[in-house]
Every structure is written in C-alpha cells, then in structure tokens.
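What follows is a short report on a single structure.
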Amino acid sequence: MTAPMSQCLMQMVQTDYALSDYQSEIAPRWCAGCGDNAILTAMQRLCRDEQLPPEKTVCVSGIGCSSRLPHYMNAYGFHGVHGRALPIAEGVKIRRPDLHVFVTTGDGDCCSIGAAHWLHAIRYNMNMTVLLHDNQIYGLTKKQTSPTSPHGLKSNTTPHGAVLNPLNPLTVTLGVANVSFVAQAVDWIPDLLYETLSKAYHHKGLSFIRILQRCPEFMDHRFDDWVRDPSKMRILTHADGLRLKPEVSRIYKNQETHDPRDMGRALAISSLNDEIPVGILYRDPSVPCYDELRAGERPNTPALVQTVLNEEFDKVGIWPDPATAPEIRE
Amino acid sequence: MQHAKIADGLPSQPEREPSVAALRPALFAGYGALDDLRYDYPLVLIDGGSGENMFRPLSRIIDDILQETAAPDSSGEALRQQVLRLEAKIRRRVMQSGPCQLTDLWRDCAAEFIAQTGEAPFGPLDVNLDKARQSLYVDGLVIDCDDKTPGQVLVHTWKAMHQAKARVFRKKVDGLTLRLTDILKSDHMKSDEAHGAEALASSMGSSGDGSVDFHALSAVLARARPEDRLPQDRVERIQNVLRVLQSQLFYGPGRASKSGPKQPKPYSYTFESCASALDANRDRLRDVLDFTKALTVAELEVENKYRPELHDPIFERFDESDLTADQIGLLPSALVCLRDGETDATEIARAFEALACGLQITVLIQTDDILGATSPEPPRNSFGAGTTRIAAMAMGLNNGFVLQSSSAHLYRMRDNLVRGMQYDGPTLISIYSGATVTAPGVPAYILSAAATESRIFPAFTYDPSAGPDWAHRFDLSNNPQNTVDWPEHELEFEDVKGQRQSEKIAFTFADFAISDVRYGRFCHSLAQADWTPGMEPAADWLKLPPETNSNQKPYVFGIDSENRLRRTVVDDKIIEAARRCNDAWCRLQELAGINNSHALRLLAQDRLEREVAARAAENTQSTLSGPPSVAAQLAKVAEDAAPPVVTDVATDEQTEDTPWIETARCTTCNECTQINSELFAYDENMQAYVVNPDGGTYRQIVEAAESCQVSIIHPGQPRNPQEPNLVDLIERAKSFH
C-alpha cells in the first residue's frame with residue numbers, strides 16, 4: 001500500500017454525483033432569458049465534473065438577483081447581508097479550509113455596498129472562487145443605476161441618463177495588491193464560461209471572474225451587438241489560460257494569445273470599449289494566501305485557547321500569596 | 001611470517017626513559033595547546049535548532065557575529081580581536097568547568113574579561129562586546145569534546161526531532177479532534193436538549209434579567225428545528241474515536257498542558273537498553289493499534305466517507321501487519337544509548353534484533369576504546385573486539401540507517417545525523433568518543449580525529465532511503481583523502497644539524513597505536529641520532545605483500561613530551577593490526593565505488609578486448625563495406641503506405657428540414673423550455689436540444705427561435721403542412737436558417 005491507508009479506504013467509497021445532485025428542490029425563479037441561469041448551470045457542471053461532495057461545497061452570496069443562486073444549489077449556502085458575501089466566505093474558509101467556497105455577488109452587491117470588502121478580499125487572496133454577476137443594473141429592485149451601468153443609462157434613479165462613467169471591475173481588481181486571478185466571461189458563451197470557472201476553481205488563491213450577463217427585463221438588448229457578432233468578442237487564449245475547442249474557435253475567430261502573467265497587457269485588454277474580452281486576464285499562483293499565512297502551527301482546540309488565555313490573564317493577575325500563584329511561562 | 005621480529009631484545013617498558021612513555025604521533029605536534037585553537041569544539045547544542053543548525057561550533061557562531069558586526073577593514077580590527085579573545089576565554093571555561101548555557105558563559109566571561117583589563121563598565125571593550133552580543137541569535141548548551149559528547153549530541157538531536165514530530169502529530173490529531181467535535185456539536189444543536197429552555201437560558205449567561213421567556217422561545221424553536229439528525233451508530237463511532245484520540249499517551253499535550261482533563265504522563269521513548277525498548281514496544285502495541293485505527297476512522301469521518309458496510313470488517317481485522325510506514329512514522333521513535341564498557345554485552349544482540357525487525361528506534365553505540373586490550377584482561381562489560389565494526393556489520397541488515405563517526409567529525413556529519421534521525425526505520429549510530437583512558441595526555445578531540453584519520457574508525461553513512469543501490473546509499477566522503485589508503489600530511493622538523501626539514505608522511509594505524517600506552521611494548525623509539533638507513537616508513541612497509549622478506553624495519557614518526565622527533569620502530573603485532581585495518585578500509589572504499597575490484601577487473605577485461613579488436617581491425621581493414629540498411633528502407637515503405645490521419649471530424653449536421661439547436665451555445669435561460677417543454681428539453685449539461693420535433697407547433701418553434709437570446713434555435717421546415725399561417729411563419733423562420 002503506497003498511498004496512506006485512509007486514502008485507500010476513501011477510494012472504496014464510490015461517489016457518482018450527477019448534475020441533478022446539485023440542483024435544489026427549488027426551481028430557479030429568475031426571469032426567462034436571464035444570464036444567471038447559465039452561470040448556475042456552469043457551477044453545477046463544475047461540481048459534477050469535479051465530483052465535489054455537496055456537503056463540502058458552500059455558496060455564499062449577498063443580496064440581489066445573482067445572490068439567489070445558493071438557493072438553487074444543493075450544497076451548503078449562505079444568503080448573507082447586502083455587500084457582505086466576501087467576509088462571510090472568508091470566515092467559512094478560515095475555519096473550514098476543507099470546504100470548497102464559491103461566492104456569487106452582483107454588480108451592486110460587490111462594487112457598491114460591498115466595495116470595501118471586495119478590495120480586501122482580493123488582497124487577502126484566500127482560496128475561493130468569486131463570481132461577479134454583472135448585468136449593469138439593479139434588477140431585483142426593478143431598474144436602478146448600478147456602479148457598472150453605462151454612461152447615459154436611463155433608469156428609475158437616473159431618468160435623464162447616468163451622469164457618471166461606469167466603474168470597470170476588472171481594472172479595479174487588477175490594481176489591488178496581491179491580486180492572483182482575474183478573468184472575464186459572458187453568459188452567452190457557456191463553453192468558455194465553464195472553462196473559465198474550471199480554471200478559477202483550480203487556481204489556488206482568490207479567483208475573481210466578472211461575468212457579463214444579460215438582463216432581458218431591464219437591460220434588454222444591452223449586449224445584442226456582441227451576442228450577434230462573434231467578431232466583437234475578443235477571446236484570450238494561452239497555454240496557461242483558455243484553450244478553445246475547434247467548434248468554439250470556428251465561431252469566435254477574434255482571438256488573442258495573452259500570457260496571464262502579463263499585467264500590463266491585462267490592464268490594456270480590460271480597458272477595451274468596443275470589444276468584450278473573454279478569458280483569463282491575469283494569473284499568478286505564487287501570491288501568498290492569507291488563510292495559509294495565518295494558519296497556526298496548531299489548530300485552536302478549546303484546551304489550547306484556554307491555556308493561552310489563562311497565560312495572558314496570569315501575566316496581569318495579582319496573587320496575594322506567592323506560594324499559590326501559578327508559574328508564569330513566557 | 002618472514003618479518004624481522006624486533007620486539008625481542010628491546011628494553012622492556014619500565015626501563016624506558018620517561019619522555020618516551022608519553023610518546024605521541026608526530027603529526028599531533030601542532031595541536032599541543034587546544035585551548036588556543038579554533039576548531040569544531042566547543043559545540044553549541046542550539047535550543048530549538050533544526051536541520052543545519054541543530055548544533056554549531058562556537059567558532060562558527062563567533063564568525064557569524066563578526067561577519068555581521070565587525071567592519072571588514074581595519075576599523076573593525078579592535079572588535080574582532082576582542083571577540084576572538086572572548087571566544088578563547090569561553091573555550092577555556094568550558095574545558096575547565098564543563099557544559100554551560102552559551103548566554104551565561106558569554107555574560108560571565110565578558111565580565112571577567114572587562115575586569116581583567118581594568119576598564120570601566122561602558123568602556124570601549126564593554127561597548128564592543130555588547131555590540132557583538134546583540135548579534136548572538138542562538139543559545140544552547142556549550143559542550144566540549146569528552147566521553148559524554150556522543151550522548152549529549154544524540155539526545156539533543158533526538159529531542160529536537162521528537163519535538164518536531166510532536167508538532168506534526170498535534171497538528172494532525174488536534175485538527176481531526178476539532179472537526180469531529182464540530183460534527184457532534186452541530187448534531188447536538190438539533191437535539192431537544194440544545195433547544196430546551198435551560199440550555200437557551202445558560203447560553204445567555206448568568207446576567208439574564210428574566211425579560212426573556214425561554215420556555216416560549218424553546219417552543220418556537222422546536223417548530224423550526226431541522227430533523228436530519230446523525231445516525232446513532234455514527235455518533236457513537238465518533239465519540240469512541242474522540243476518546244481514543246484525546247487519551248493518547250504518545251506525545252504530551254504540548255502547550256495546552258495546563259488545560260483540559262488531567263492526563264497520565266505520556267510514554268517515555270528514551271531507554272537504557274534495547275531489551276526495555278523491545279518490551280515497551282510490545283506493551284504499547286495495543287495502544288498503537290487502537291490509536292491508528294481511531295486516526296484512520298477519524299480521517300474517513302471528517303470526509304464523510306466512512307461506510308460501515310465497507311469499512312467495519314477492515315477495522316475488525318486490523319492488526320500490526322496492517323500498520324503502514326506513514327502511520328508508524330507519526331508516532332515517536334525510541335532512543336537507546338549504549339556504551340561499550342558499561343552496557344551489558346548481550347545488549348548488542350538485542351540491538352541487532354531491534355534493528356532487524358524494523359522498529360522505529362535509534363541505537364547509539366558509544367565506544368571509548370577502539371584498539372582494545374593487547375592481552376587478556378579481567379572480564380568486563382565489553383562489546384568485544386568487533387566493536388569498531390558494529391556499524392559495518394549493521395549495514396548487512398539492509399533496512400536500517402547506519403552512521404559511524406568519531407566525535408571530532410560529528411559537526412561535519414550533522415546532515416547525515418539529522419537524516420538518520422528522520423529515517424523512518426531503525427537507525428544505528430556508532431560514535432567513537434576519543435576519551436580513551438590508555439592514551440593519557442591526548443585530548444579526546446585529537447584522539448577521535450586521529451581515529452578517523454588513521455582509518456581505524458572511518459566516518460560513513462548507509463542510508464537505505466537515499467536510493468536503490470550502493471552508489472546512492474553509501475557515503476564515505478567525509479573522510480580525509482578518501483581515495484588513498486592512508487592520508488598524507490606535511491611534517492616539518494629540525495634535524496640534528498638544526499636544519500629545517502620537511503617530509504610528507506602518511507598517518508597510519510601504527511601512528512595511532514603508538515599513542516596508546518598499552519601498545520608501548522610493541523614499539524621502540526629512537527632519537528634522531530640513532531636513525532639508520534635500514535628503516536622504512538610503516539606506510540611503505542604496509543604496501544609490500546605480507547610474504548615479502550625484508551630486512552628493513554617499519555617505523556612511524558613520534559614525538560616525546562618535549563616535541564622531539566623520534567622514529568618509532570613498530571612490531572609485527574601492530575603491523576598485523578594495521579593490515580587488518582587497511583583491509584577493512586579498502587572494503588569500505590569498494591562499497592563507495594573507490595578502487596572497486598569488480599569495476600577494475602571489468603575495465604581491464606574491456607581494455608583487453610578493445611586491444612584485441614583493434615588488432616583484428618588492423619588486419620582486416622579493407623574488407624568491410626556497409627550493406628544498405630534494409631530496416632530503414634522498410635520503414636520508409638511503411639510510412640508511405642500509411643493512410644493519412646483524418647483530422648477533420650465530420651459533424652453530424654442536421655438536415656435543413658428538422659428543427660435543431662446549437663446545444664453547446666445554450667445559456668440555460670429557460671426561454672424555449674417555457675414555450676414548450678415537450679419540444680425543447682435540457683441535456684445532462686443543462687443545455688437545450690430539440691427533444692421531439694413533433695412535440696409542438698411550428699409557430700412555437702419559430703417563436704422560440706425569435707426569443708432565444710443567443711439565436712441558436714434553427715426552426716427548419718414545418719412538419720405539419722396543415723398548420724395555419726405557415727407562409728408567414730416560414731418567412732419569419734428564414735433569418736434563423
């Protein structure tokens with residue numbers, strides 16, 4: 001027996017999870033035509049292909065259309081507080097490093113109310129996969145301008161058109177210290193969405209995927225130009241990034257070989273206006289992870305925690321009789 | 001034997017001049033006053049040291065300090081001199097008064113140094129020494145080279161390894177304990193007890209003001225409580241596992257010692273004898289099995305992979321033959337220190353038994369006397385005449401790590417020593433301390449270094465984990481000039497005329513032997529005036545075949561107590577022993593691939609064959625011309641005939657008439673399936689396809705194509721020619737073909 005015994009014994013237990021094992025009893029309540037469905041499917045496909053045990057998988061979300069996703073996954077889920085999906089996910093990961101943590105968040109949840117957590121989560125670089133569902137509008141509350149809404153968008157909050165230029169989640173993320181994985185996908189190319197998600201899952205560290213998604217109710221035809229014209233999609237390929245299947249390659253001929261180590265080029269590609277880049281923009285597996293840096297030499301068992309606390313209290317304790325005072329260890 | 005006997009007719013021992021009694025090998029002349037020399041001792045056993053820094057000579061530590069603090073130019077010269085003088089003081093202090101902590105020694109010696117110079121506190125010397133002290137990053141026991149050294153070094157190294165293992169062990173066991181406790185806790189949270197009014201009240205703390213009605217709260221929670229409790233057998237299994245993990249006695253609780261339930265003292269793994277180590281191993285086997293089973297079950301449980309129907313039978317049958325190397329490696333290894341002359345002689349047999357059965361054990365065999373008595377002595381606890389070969393014999397067991405070294409070489413062998421301690425299997429370490437009582441006046445360091453130098457006690461390592469063959473496993477590289485029989489050194493001396501002379505002399509077994517008083521009676525020492533041309537250096541003499549009839553007398557250079565050079569003619573007894581010693585050394589060399597007899601024979605044979613072939617080639621030079629390569633031609637024909645590889649995979653294109661979907665591009669948006677779920681369905685990847693072209697109307701197909709966000713539905717032609725408005729629908733469908 002070369003592998004440790006428990007490994008061998010575990011292999012005796014055959015698991016064969018099908019995609020339906022990750023579908024919850026609740027049918028998705030998203031509007032017909034919503035891009036969230038494609039993202040959910042990609043997630044479920046990934047879980048099936050990686051055979052992730054549902055009890056070892058956690059989806060954490062904030063508030064918004066996108067954040068309903070944990071309800072539709074048959075796994076552990078945490079539908080959190082608005083903008084706070086990332087801190088919750090970090091808490092889960094640091095306490096239970098054995099779990100596979102996915103975070104689904106929207107453009108409002110992540111880039112507006114949760115912006116502070118977003119930046120620090122990138123900097124902490126804990127091992128999890130973050131999916132930013134970016135439909136450029138507040139859909140759940142029926143059409144208000146979000147931080148990523150295009151300039152001039154008429155909405156309930158900006159009836160005369162949005163006055164500010166949109167925030168670019170890609171360039172922001174790329175600019176944060178310790179960034180280790182940034183990719184962009186679109187919901188209308190499910191193959192590449194799945195491939196990107198798979199690469200993100202296998203990356204050690206925080207992998208951030210911005211997924212441009214259609215909202216047929218409130219942002220109808222927003223992405224029509226790109227959906228209908230494959231030449232306006234720039235597909236980033238590389239030996240270390242996405243590798244295209246022939247059938248995808250035939251449709252999407254506008255391809256660029258982009259080394260995910262090239263930060264300068266990643267920033268330039270992220271800033272494109274007329275074309276939508278799809279693929280892995282940046283990847284650096286050597287960035288340290290906060291959860292690993294902070295992992296103590298010993299797990300914090302109750303006995304250890306009690307000992308450490310007692311030692312600290314004893315340092316400042318006043319003992320009337322030196323004979324009964326405990327020994328203080330430095 | 002044809003050698004001239006010289007022992008006869010020599011003056012007997014008591015009549016010799018007193019200075020000759022203190023005869024030493026000539027090459028020791030430079031090492032008279034060890035306290036002035038910077039060498040591998042005193043050795044600092046570094047607290048918390050690991051790997052390369054398990055222990056370090058004081059001189060190296062001082063060098064590191066000077067490198068950091070003293071400027072390389074003349075401005076740093078004062079500091080350098082002062083720190084080196086402090087180092088000499090520390091060295092002398094350790095030689096005189098024994099082991100002491102480095103920081104204590106530094107403090108005391110620095111104070112003494114400052115007091116001797118008469119300088120005031122905070123004067124230049126004090127400031128300089130304090131500056132150097134700031135760069136002293138390590139502390140530990142400072143030891144000199146004596147009879148206790150091997151034990152001290154080994155115990156220090158073993159303790160460091162034991163602690164490192166304990167850290168790995170605690171991390172693993174604590175992690176599993178925590179996660180198993182979490183599983184039980186989360187199950188408990190669903191119980192009646194956890195939702196009872198009492199539990200709720202206590203979770204609020206004692207400062208509750210009575211404003212919360214916990215009974216009412218409990219009743220509300222009871223309705224919302226999840227029902228999916230863990231199976232009872234799983235709960236019991238986890239509780240059992242936790243009990244075993246928490247009550248293990250292999251390692252102490254470490255830092256968490258002050259909390260938690262009071263535990264009995266953990267097992268000790270240092271033993272006085274192999275017999276007790278073997279007994280303890282047998283007595284603890286039950287615990288080892290219970291613990292290993294619990295650990296494995298715990299690993300399965302935290303992954304939710306324990307299936308009673310599959311795994312219960314395996315754990316019922318589990319016994320010591322199922323223990324794997326990694327499971328044993330997690331538990332402590334034992335340390336047994338044996339000492340020739342003190343330990344009962346039968347222990348050697350038990351040591352070999354312990355090594356042969358592959359226990360996790362490190363056996364130290366310390367030898368203080370490697371030459372042995374020259375005549376029968378009163379019985380004592382001795383491992384016998386083969387003590388110096390124990391390590392070489394142990395290599396034959398093949399499954400153990402073997403290391404042999406003298407005390408003087410321990411620092412150079414530190415990497416090997418650490419590897420031996422980390423080796424997951426038995427380890428035998430044989431160390432010669434140099435503290436031989438029959439070599440008075442020679443410091444243990446010098447004598448132990450000489451033992452390695454003279455090939456009596458070579459330094460070597462046999463590491464079965466290093467590779468599959470001798471070339472990987474056996475290491476003889478730590479010996480001086482390991483490619484020759486005897487290492488050679490330059491000896492400078494003053495001849496009878498007062499001229500400076502220099503001679504290259506080998507350091508042989510005979511040189512080593514003359515420092516032992518018991519061998520004095522086999523030597524005859526001659527002052528320079530008595531030297532005759534009929535003498536031959538022992539190293540040259542030993543090169544001659546034993547049968548050679550020679551009138552020459554073998555000698556080695558010795559010095560008396562006043563460092564006067566003398567030739568010492570040695571007897572057959574010593575020469576025979578030297579031959580045996582050389583034989584053993586050559587065997588080790590062969591194992592290390594140096595002058596390997598098999599290789600040399602093959603080389604000679606190969607050379608001979610090539611010479612014969614070359615001669616034959618000269619004779620028939622013009623007859624050869626290469627035939628055409630048939631194989632190459634055949635290969636070419638086969639290549640030409642091979643069918644071209646089909647690279648273009650023909651896709652199963654749908655006919656124009658039937659409706660179809662580019663399934664791979666489907667975004668699962670539910671548009672089409674909501675129009676008609678009998679017509680459109682999802683595949684195993686949750687992507688849509690046309691499940692039944694006749695499951696709906698052509699109108700529905702066209703509408704689905706129109707509403708599809710990514711335009712991947714191709715309606716084809718109407719299936720039912722009777723359907724109303726077909727002309728209009730066909731027109732609308734055109735853009736999706």
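A note on names: the letters A, B, ... follow the listed sequences, proteins ahead of strands, and every chain is numbered from 1.
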Discussion item. If you count heavy-atom pairs within less than 4.5 Å of chain B, which of A:Cys34, A:Pro246, A:Ala32 leads?
Written reply: A:Ala32

Fill in: CA sep, side-chain torsions, deciding dist, call: B:Thr673, B:Asn670, side chain to side chain contact (heavy atoms under 4.5 Å, CB included)
CA-CA 5 Å; B:Thr673 53; B:Asn670 301 341; 4.0 Å; yes

Practice prompt. Would you indicate whether the side-chain heavy atoms of A:Leu212 and A:Phe223 approach each other to under 4.5 Å?
Written response: yes

Worksheet item: What part of B:Cys666 lies closer than 4.5 angstrom to a heavy atom of chain A: side chain, backbone, both or neither?
Response: backbone

Item to complete: May I ask you to decide if the ring planes of B:Tyr306 and B:Phe315 are parallel, tilted or perpendicular, using 30° and 60° as cut-offs?
Response: parallel

Item to complete: Mind ranking B:Gln674, B:Arg167, B:Gln687 by heavy-atom pairs under 4.5 Å with chain A and telling me who comes out on top?
Response: B:Arg167

Worksheet item: Between B:Trp660 and B:Tyr689, is a side chain to side chain contact (heavy atoms under 4.5 Å, CB included) present by the stated rule, with each step listed?
Response: CA-CA 7 Å; B:Trp660 66 288; B:Tyr689 68 106; over 6 Å; no

Worksheet item: Among A:Ala42, A:Ala18, A:Pro190, A:Cys31, which residue forms the greatest number of heavy-atom pairs with chain B at distances under 4.5 Å?
Response: A:Pro190

Worksheet item: Below 4.0 angstrom, N of the basic side chain to O of the carboxylate: do B:Arg179 and B:Glu303 qualify?
Response: yes

Fill in: Choice from A:Asp36, A:Asp187, A:Leu40, A:Val248 maximising heavy atom contacts with chain B below 4.5 Å
A:Asp187

Worksheet item: chain A heavy atoms under 4.5 Å from B:Ile712: which part of the residue, side chain, backbone, both or neither?
Response: neither

Practice prompt. Take A:Cys47 and A:Met73 through the side chain to side chain contact (heavy atoms under 4.5 Å, CB included) test and state the conclusion after the steps.
Written response: CA-CA 10 Å; A:Cys47 290; A:Met73 283 289 292; 3.8 Å; yes

Worksheet item: Out of A:His221, A:Glu247, A:Lys245, A:Met12, which one racks up the most heavy-atom pairs below 4.5 Å with chain B?
Response: A:Met12

Item to complete: Answer yes or no: is there an ion pair linking A:Arg234 with A:Glu275, defined by an N-O contact shorter than 4.0 Å?
Response: yes

Worksheet item: Considering only heavy atoms from C-beta outward, does the side chain of A:Met219 approach that of A:Asn135 to under 4.5 Å?
Response: no

Worksheet item: Is it the side chain or the backbone of B:Phe318 that comes within 4.5 Å of chain A heavy atoms, both, or neither?
Response: side chain

Practice prompt. Name the member of B:Leu295, B:Val710, B:Asn685 that forms the most heavy-atom pairs with chain A at distances under 4.5 Å.
Written response: B:Asn685

Practice prompt. Please look at A:Gln23 and chain B and tell me whether the side chain, the backbone, both or neither of the residue comes under 4.5 angstrom of a heavy atom of that chain.
Written response: side chain

Worksheet item: In terms of heavy-atom pairs under 4.5 Å with chain B, which of A:Asp191, A:Val13, A:Val227 leads?
Response: A:Val13

Discussion item. With a 4.5 angstrom heavy-atom cut-off, is it the side chain or the backbone of B:Val302 that approaches chain A, or both, or neither?
Written reply: backbone

Fill in: Options B:Thr181, B:Asp182, B:Thr177, ranked by heavy-atom pairs under 4.5 Å with chain A, top entry
B:Asp182

Practice prompt. Determine the minimum heavy-atom distance between B:Ser677 and B:Val691, stating which atoms define it.
Written response: O-CG1, 4.5 Å

Worksheet item: Does the distance from a Lys or Arg side-chain N to an Asp or Glu carboxylate O, for A:Glu50 and A:Arg45, drop under 4.0 Å?
Response: no

Item to complete: Check whether A:Ile39 gets within reach of chain B through its side chain, its backbone, both or neither, counting any heavy atom under 4.5 Å.
Response: neither

Item to complete: Could you look at A:Asn300 and say if it's the side chain, the backbone, both or neither that has a heavy atom under 4.5 Å from chain B?
Response: backbone

